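Letters A, B, ... mirror the listed sequences (proteins, then strands); counts begin at 1. All values reported here derive from a predicted model rather than from experimental measurement.
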Amino acid sequence: MSSCGNPAVESDALMTRKPKYDKSRTCVRCKENTGNLVIRHAVYCKDCFFPLITHRFRRSLEPFVNPKPDGPRRTALKPTGDLLIGYSGGLGSAVLLDLVARCYVTPDKSLVTAEGGRDHPRKDRVWKKVRVCYVEVCDAFPGMPDRTEEIRMAVNKYQDLEFIPLRIQDSFDPKFWKSTGVSPDQLLQYSLDLGTEDLLIASTSTSSEPTAALRAYLAALPTPSALPTILKTLTRLLLLYTAYSTKSSHLVLGTSLTSLAVSLITSITQGGGFHVKEETQEEWRPTYSTGTNDFQPSELPIRIIRPLRDIGMKECGAWAWWMDVKVVGREKWVWPGAKSGIGSLTKDFIVGLEKDYPSTVSTIVRTCGKLAPKGEVDGRCILCERPIQEGIQEWHSRISIRSRADLTGKSESAPRSISRAQPSLTSLLCYTCHTTLTSRSSRSAPPLYPGLSVEKKVPLPVWIDARLSENSLHAGHNEVITGHFLTEGEKRDALKYYLLDD
Amino acid sequence: MAHRLCVLCETSKAIVKRPKTGQQICKECFFNVFETEVHNTISQASLFKPGDRVAIGASGGKDSTVLAYVMKTLNDRYNYGLNLFLLSIDEGITGYRDDSLETVKRNQEQYDMPLKILSYDELYGWTMDSIVQQIGKKNNCTFCGVFRRQALDRGAAMLNVDHIVTGHNADDIAETVLMNIMRGDIARLGRCTMICTQGEDTIKRSKPFKYAYEKEIVMYAYFKKLDYFSTECIYSPEAYRGHARAFLKDLEAARPSAIIDIIHSGEAFEIKEDIKATQKVQQTCKRCGYMSSNELCKACTLLEGLERGMANAGITDRARKKMDAEGPTPQNIRTIPFFQTSTRPGSPQPNNVENPQVTS
């Protein structure tokens with residue numbers, strides 16, 4: 001059977017297995033020592049491995065430290081804020097933390113060569129303050145142990161780092177939101193109806209405790225595949241708002257080359273082609289301008305960088321082993337239907353391919369690096385805060401008829417079932433988030449929390465509440481947003497003073 | 001227990017759960033949505049204009065059989081004003097293509113469309129049976145794929161048509177998107193989600209089933225009781241495509257929208273401008289006149305390798321160099337006739353256009 005598990009392959013149709021390494025067992029770099037590690041068919045000795053990895057790490061990070069790229073001339077690194085490290089306890093983030101500490105916190109002289117005199121600007125610490133943020137997800141999974149203290153101990157092994165522990169349910173906690181300093185004065189609360197594809201929202205006066213709100217939200221998701229996607233989004237947004245509140249100019253994540261290939265393919269299989277660039281690197285700033293934080297978000301976006309994007313899982317493993325890096329390890333996200341999720345299927349597929357064809361992950365990442373989003377941006381997704389591609393709902397209704405109105409063509413002349421009395425989240429979501437919240441599986445999955453009744457109307461993450469509140473308050477009255485799909489005629493009417501006669 | 005009603009018409013009994021949306025609908029609404037979605041695809045892309053001569057690439061399989069039926073239905077219903085033809089390629093695979101061609105011939109009578117059959121033997125002097133005899137099953141799909149593409153264009157030129165439509169469905173396109181990303185084929189990735197492709201000198205080629213799920217095509221053929229031939233090619237399926245297909249099927253089982261989501265992804269990105277500038281410029285094959293990215297087109301390279309007993313010359317660079325080192329191309333080898341499109345205004349009408357004619 002082939003490495004990817006495809007049983008329908010005849011042996012003589014399979015690609016020939018490549019030899020493990022290309023030429024000899026001698027290190028390709030120093031050409032003296034016997035090699036200790038094969039990286040994509042090239043052999044490296046242990047002595048050459050460390051500078052190689054350090055070089056790849058710095059090459060992926062340093063060109064993006066200064067607000068403006070310096071071009072070929074290398075100048076001092078002067079970020080405009082602090083550094084936040086997103087730490088999950090997994091292999092990638094453990095290696096990332098080690099590399100950041102060795103290169104920028106307490107420089108390891110064997111890796112970072114001294115340049116310039118004693119007072120040379122390069123001798124200054126690059127980031128004045130480095131923080132490590134961990135988001136504990138155990139409350140999303142029944143029976144999962146809390147690893148916060150273990151993580152704290154692993155982080156405390158390094159000097160001069162501040163540890164910020166968060167919990168995944170903070171995304172439903174108004175107190176967390178207030179602490180970020182971006183909160184509008186009045187945070188209204190809304191509920192989302194996940195029982196239908198219309199994604200109707202309504203204001204609500206009932207507030208639930210964050211853990212209960214998180215569980216109600218997760219339990220109502222339509223497929224097992226949606227769960228890891230949503231948790232990834234919530235974690236990412238918690239890290240971003242924490243970066244904002246700590247005045248960090250950079251957020252670094254321990255996504256290795258292998259993990260990046262998996263996340264790119266996962267994103268593409270969920271309709272995230274418009275976000276291929278963001279999956280690798282992105283710049284983000286909060287939507288709000290009325291916050292209490294004195295940081296100027298409108299001028300200084302936070303850069304999210306993945307400095308291990310050229311370093312595979314195997315090299316990370318070798319670094320951790322030889323450098324004696326403690327890897328706490330991520331708890332497996334186990335829930336009913338976990339095996340059939342899109343994320344886990346993709347991971348199994350890519351990791352399986354990588355074993356026999358080690359260049360596959362690199363090819364995926366390089367290919368995606370040659371892509372750019374197509375079409376215009378129509379705002380920012382209220383859930384993941386990434387760009388929304390223009391016209392996605394029209395595309396959806398054209399290629400996949402779901403209502404009688406779409407079938408008869410009447411949808412072009414009348415707004416879809418969303419009226420001013422029934423506002424919807426649909427037009428405020430990107431393709432991926434809309435699919436995550438609406439796409440159903442033909443198989444029914446067992447309940448995520450046995451014993452918990454699944455509510456159709458669920459609470460929303462605080463940044464969604466905040467954006468809806470802001471829209472509502474700016475509208476001058478205390479009601480939910482009054483959006484609906486504009487017809488061509490309405491759009492034309494809105495622009496009639498600006499359009500020239502044909 | 002009460003029958004569940006169709007969610008679209010809300011009057012008839014629902015009999016299918018649509019693979020694409022998961023909605024439970026009745027048979028009539030299924031036909032209606034399936035056909036309307038294909039019509040939407042055609043009209044949104046403005047694929048045809050009245051009077052166009054359109055060849056339907058027909059293999060006798062489910063996709064092309066349903067395509068022929070739906071094209072005829074939509075042409076009548078929406079007055080497209082198209083002249084439809086069936087165009088089949090006989091690869092020369094005993095026990096596979098000869099049987100499926102019988103289905104195409106029945107379709108010709110059922111749908112009252114002229115049929116043209118062009119064989120590899122006629123065009124290249126080789127059948128797939130003889131190719132596999134020389135090279136074995138490994139890489140035989142490369143020969144078949146390259147030869148079929150050119151054969152379709154040549155058959156279309158003989159029919160004097162403006163346009164070829166093929167039965168590529170949503171599953172095929174999603175699979176191709178994934179495969180092109182995984183093997184880094186940036187040029188194909190850029191164009192594989194396009195509904196219509198056209199080179200400078202080639203005939204327009206479109207995929208009206210771009211958004212139609214394979215399962216729904218099978219369902220449509222089943223409910224309409226369409227006559228199609230269903231067997232996998234006897235020469236092994238392409239291994240790499242097999243990997244991608246197995247993965248796609250797993251994704252579809254986890255979430256049926258995955259197929260359409262992948263296509264949406266493919267449509268939502270494009271090749272960066274600076275990368276486009278480094279791509280090879282399309283030229284014309286100096287030997288057969290077909291479009292090519294090198295001096296010789298892929299079909300001529302493969303054919304020369306076969307003729308000189310060095311079949312791998314068209315597969316790997318090393319084998320190609322080895323063949324070049326053996327000396328210049330001998331004069332006595334078989335080559336592909338020079339390619340000329342005959343669809344330009346004023347070009348003569350081939351004899352076999354108006355009356356259905358079968359060649360084999």
The interface call for E10(B) against chain A, heavy-atom contacts under 4.5 Å, is neither
When the 4.5 angstrom heavy-atom criterion is applied to I25(B) and chain A, the contacting part is neither
Side chain to side chain contact (heavy atoms under 4.5 Å, CB included) test vs T269(A) passes for just one of D261(B), L178(B), L248(B), namely L178(B)
Does [Y] offer a backbone N or O that forms a donor-acceptor pair with the side chain of [X] under 3.5 Å?
X       : Y       : value
N40(B)  : R398(A) : yes
E270(B) : L371(A) : no
K20(B)  : I399(A) : yes
K374(A) : I271(B) : no
S265(B) : G272(A) : yes

Does any non-hydrogen side-chain atom of [Y] lie less than 4.5 Å from one of [X]?
X       : Y       : value
I181(B) : C368(A) : yes
R255(B) : T435(A) : yes
F247(B) : L353(A) : no

Heavy-atom cut-off 4.5 Å, strictly under: side chain, backbone, both or neither for [X] against chain B?
X       : answer
Q389(A) : side chain
T438(A) : neither
A261(A) : neither
S267(A) : backbone
R366(A) : neither

Worksheet item: With under 30° as parallel and over 60° as perpendicular, where do the rings of H264(B) and Y431(A) fit, or are they tilted in between?
Response: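 Parallel, since the angle between the ring planes stays under 30°.
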Looking only at A253(B), C29(B), G266(B), most heavy-atom pairs under 4.5 Å shared with chain A are made by A253(B)
